[in-house]
Amino acid sequence: MPCIRPCAAVARWFRLVPLLSALALLALLTLTLAGCAATRNDAHTASGIPGPSALADESGTGGPAGSALPRDAAHADDAATRAFGAITPPRTPPDLCPSPTDMAASRIPGSPPGTPPDANADQSVHKVAYRVSFVIAPPGDDTSPSPSADDQALLDGVRDASLLHRLADTPPDSLTGLHRRMLADEQEAEKVLRAHGYYAGTAQGSIDVAASPVAVRLELRPGPRYVVGVTRIRIIDRMQPPAAEPATAPPRTLADVGLAPGAPAASDAVLDAVDRVPAALRDMGYPFARVASARYEVDHAARTLDAAVDVEAGQPTLMGPPQVLGTRSVRPEWLESMADWQPGQPWDQQAVERYRERLRATGLFSSVSADAVPMADSGTSADTPPDGPGAAYTSPVRTEVTEGPHRTVGGGLRYDSTLGPGVLAFWEHRNLLGEGERLRLELPVWDKRQEGKASFRKPSFLRPDQELLAESWVRNETSDAYDQQAAFASVGLARDLAPGWRAGAGVSTEGGRIEDANGPERSYTMWGLPLFLRRDGADDLLDPTRGTRAELSVTPYTGVYGEPFNVVRSRLDVSAYHVLLRGRADRAGQDGPDGRDGGGTPPAGEPDGPDGRLVLAASAAAGSLSGASSGAVPGSIRFYGGGGGSVRGYAYQSLGPREDGDPIGGSSFGEASFELRYRISETLGIVPFLDGGNVYEQETPRFGDAMRWGAGIGVRYYTVAGPLRFDVATPLNPREDDAPLQFYISIGQSF
């Protein structure tokens, strides 16, 4: 028996050998697969094909703060996992641990059918250069309104939100990374569609790897554009009237603030309308009005967007005097005198805005703010107005300012195509006596003109909207029209009549010696009453793109120029600006909105052009001397034509009557100019132009066949201070002695 037991034990042990061998083999296989998996993960990292978490990071979820593509984390991870499975489908590797190149060789969606896996193998180790186009799909069978292919605003919005566009100068390491960017752009494009009112819109991207560089196309299918439906505004607190009843009732729907039912339900338009609700209440005597809540509902069946807005009107408030804080050398009482409201009137936010703009216009402050003071900060009870429950609260207009530097000294070299080379030195004080008085001294010295100039301006003179203006100069000038040594002085008032409208009146005197082609040098003295009326409705001082301008000036003169004379000099200038083409600048080599090459996405790093890409500008001017012939008045007040500010293509002051080849000026003139201002990029533009005009001996200007015409082209270099202008022009109907080309250099547009 003892012998049998060991034998039985040995037999049992031998029976366990197959089982132990199987377990050992399984463990070995498990360890091998684990090592292979680590190798595969390393391969992903080395080849630029990240796992699902990395996909979520690049698509905007796990990235750095401030990512332009915020997304729900769980949704991003699921989408990234699906994308990863689609890009690297399961396959049978040639060995147990495939190489990184093999891992990147799977065909991606968009590759031509039959493309072998190793056709894309080198994409994992080389940057994938690509170009991207954004197009709007045709409406197809859907008869609902849909934007056309040239809906530039929609395409621009998608382009601005596009990760593909922003990272175009940083190509991805693999086609996987490119596809990842495209997936993120699809989601962002749908957000842009909703922001423009296309709440059923979709976006679909595709990649063509056969193109060189790889072509990425993002196609928008907007579908019908939703419109504004039912809107309601509810004032949720007790709206007590101020001391005087408001002239208008508070808004009850968004139509009362400019957003009518049926208008496109673009998010910016809706939000702007909601912001105008408390603004309307502020103009009615409720400066603390605010939006408490806003709810929006999209009705897909009716294709409408409904809105319900709850507003707190706040305490009814009366206007008190200004309370200016932050001044150092500027007198606060002078700033307070610039207010144009009566204390005790219901709060008027527009009056506060006018006051703020008036302070900014002085040029004394780097920042200006003005608003009502909450009752809790005024030293009274937050619950009870000073005059008892239900009474209006009188608030001062708290104004906080930050003073800037008041003195400036400078100088520099200049060149003017009319006056030649020159130098300029100047000194300016913008707060001479503590009330915003500006004194400026200039010494411009040119080749053909030497001057000393002084100007003085006192704002809010006798009333808030009025200025006192004074100017003087001494001059020595040599030109083809006349030689002059003279002095001038004037003083006057200028007043703002309405927004954009300004008028002025004054007195002036001028005297000296002048010699022109009519005769020998003669002395002269004259006095004038300059009057002007100006309207400025343009959007920019130096580079307008829309709006109009007009100015009428009339100056009666009396004086002595050999003989006594009386004359009235009148001049009218009108200009208009209109945007012909909106959108961004063309970029050659990029797919355009229609999918064809030319004029689509700018390369990364290059700025887009402005909204006013092509502007038509036109101007006309006419003037007349009435009461005396041109020969009876000094040459400095006659009319001349030609030059950079007149008819380009002709020399400065060369148009009109001449004597022995020298211009002598005339009694009237008429001019017209047309420009097409095409802005190629943010800093460069070209301007073809056509100018016409002439100067005449008679008092009434002539147009038509009596005009001299010039044409040319200009280059504009746009700076913060305004565009630098270089024009070259040629006369179209020249006289015998007119040069074939004229060049002009200056700052600012020609008109």
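Since this is a predicted model, take the numbers as computed values, not measurements. Atom set for the values below is all heavy atoms of this structure, side chains included, hydrogens, waters and symmetry mates excluded.
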Task: Results of salt bridge (charged side-chain N to carboxylate O under 4.0 Å, His left out) for D539 - residues two or more places apart only - done: R546
Task: Rounded distance [0.5 Å steps], CG in L218 versus OG in S133 - done: 8.5 Å
Open item on the list: Using 0.5 Å steps for rounding, measure from the CG atom of D156 to the OG atom of S162.
Closed with: 12.0 Å
Task: D306 side chain vs V230 backbone, donor-acceptor pair below 3.5 Å - done: yes
Open item on the list: Check whether H196 reaches the backbone of V192 with its side chain - one donor and one acceptor, N or O, closer than 3.5 Å.
Closed with: yes
- [ ] Apply side-chain contact (heavy atoms from CB on, under 4.5 Å) to V227 and list each qualifying residue two or more places apart in sequence or on a separate chain.
- [x] T304
Open item on the list: Taking the basic N atoms (NZ, or NE/NH1/NH2) and the acidic carboxylate oxygens, is any pair closer than 4.0 Å for R217 and E219?
Closed with: yes
Task: D237 side chain vs E312 backbone, donor-acceptor pair below 3.5 Å - done: no
Open item on the list: Give me the atom names and distance for the closest heavy-atom approach of S750 to R677.
Closed with: OG-NH2, 4.4 Å
Open item on the list: Tell me whether E353 at atom CD has more than 12 heavy atoms from other residues, nucleotides or ligands lying less than 6.0 Å away.
Closed with: yes
Task: I747 atom CD1, over 12 foreign heavy atoms within 6.0 Å - done: no
Task: Any donor-acceptor pair under 3.5 Å from R303 side chain to R225 backbone - done: no
Task: side-chain hydrogen bond (donor to acceptor under 3.5 Å, both in side chains) contacts in which one or both residues fall within residues 714-725, not counting sequence neighbours - done: R716-D727, R716-Q749, R725-D727, R725-S746
Open item on the list: I need the D543 CG to R679 CZ distance, nearest 0.5 Å.
Closed with: 6.0 Å
Open item on the list: Main chain of L254, side chain of T231: is a donor-acceptor contact present, judged purely on distance under 3.5 Å?
Closed with: yes
TODO: Grab the two heavy atoms, one from L305 and one from Y199, that are nearest each other, plus how far apart they are.
DONE: CD2-OH, 3.7 Å
Task: With Y577 via ring pair (Phe, Tyr, Trp, His ring centres under 6.0 Å) - residues at least two apart - done: none
Task: Among V135, T202, L155, side chain to side chain contact (heavy atoms under 4.5 Å, CB included) partner for L220 - done: L155
Open item on the list: For R535 and T548, which I'm curious about, is there any donor-acceptor pair between the side chains at under 3.5 Å?
Closed with: yes
Task: side-chain contact (heavy atoms from CB on, under 4.5 Å) evaluation trace for R181 with Y130 - done: CA-CA 12 Å; R181 295 182 186 182; Y130 67 89; 3.1 Å; yes
Open item on the list: Please give me the minimum heavy-atom distance between Y198 and L154, naming the atom from each residue.
Closed with: CE1-CD2, 4.1 Å
Task: Closest approach of M284 to A249 (non-hydrogen atoms, all atoms of both residues) - done: CE-C, 3.8 Å
Task: Heavy-atom pair with the smallest gap, counting every atom of A289 and L281 - done: CB-CB, 3.7 Å
Task: Worked verdict on I235 versus R252 for side-chain contact (heavy atoms from CB on, under 4.5 Å) - done: CA-CA 9 Å; I235 299 176; R252 297 301 180 184; 4.0 Å; yes
Open item on the list: I'd like to know if the side chain of D256 and the backbone of T253 have a donor-acceptor N/O pair within less than 3.5 Å.
Closed with: yes
Task: Step-by-step side-chain contact (heavy atoms from CB on, under 4.5 Å) determination, D371 to V352 - done: CA-CA 7 Å; D371 217 330; V352 176; 5.8 Å; no
Task: D283 side chain near D348 side chain, heavy-atom distance below 4.5 Å - done: yes
Open item on the list: Any heavy-atom pair between the side chains of P278 and R282 that's under 4.5 Å?
Closed with: yes
- [ ] Taking salt bridge (charged side-chain N to carboxylate O under 4.0 Å, His left out) as the test, write out the residues that go with R354, two or more places apart.
- [x] D340
Task: Donor-acceptor pair, side chain of S267 and main chain of A195, under 3.5 angstrom - done: yes
Open item on the list: Taking the side chain as everything from C-beta on, heavy atoms only, tell me whether L616 gets closer than 4.5 Å to L676.
Closed with: yes
Open item on the list: Which heavy atom of R232 sits nearest to which heavy atom of A308, and what is that distance?
Closed with: NH2-CB, 3.3 Å
Open item on the list: R360: which residues meet the side-chain contact (heavy atoms from CB on, under 4.5 Å) condition with it, sequence neighbours left out?
Closed with: R356, E357, V368
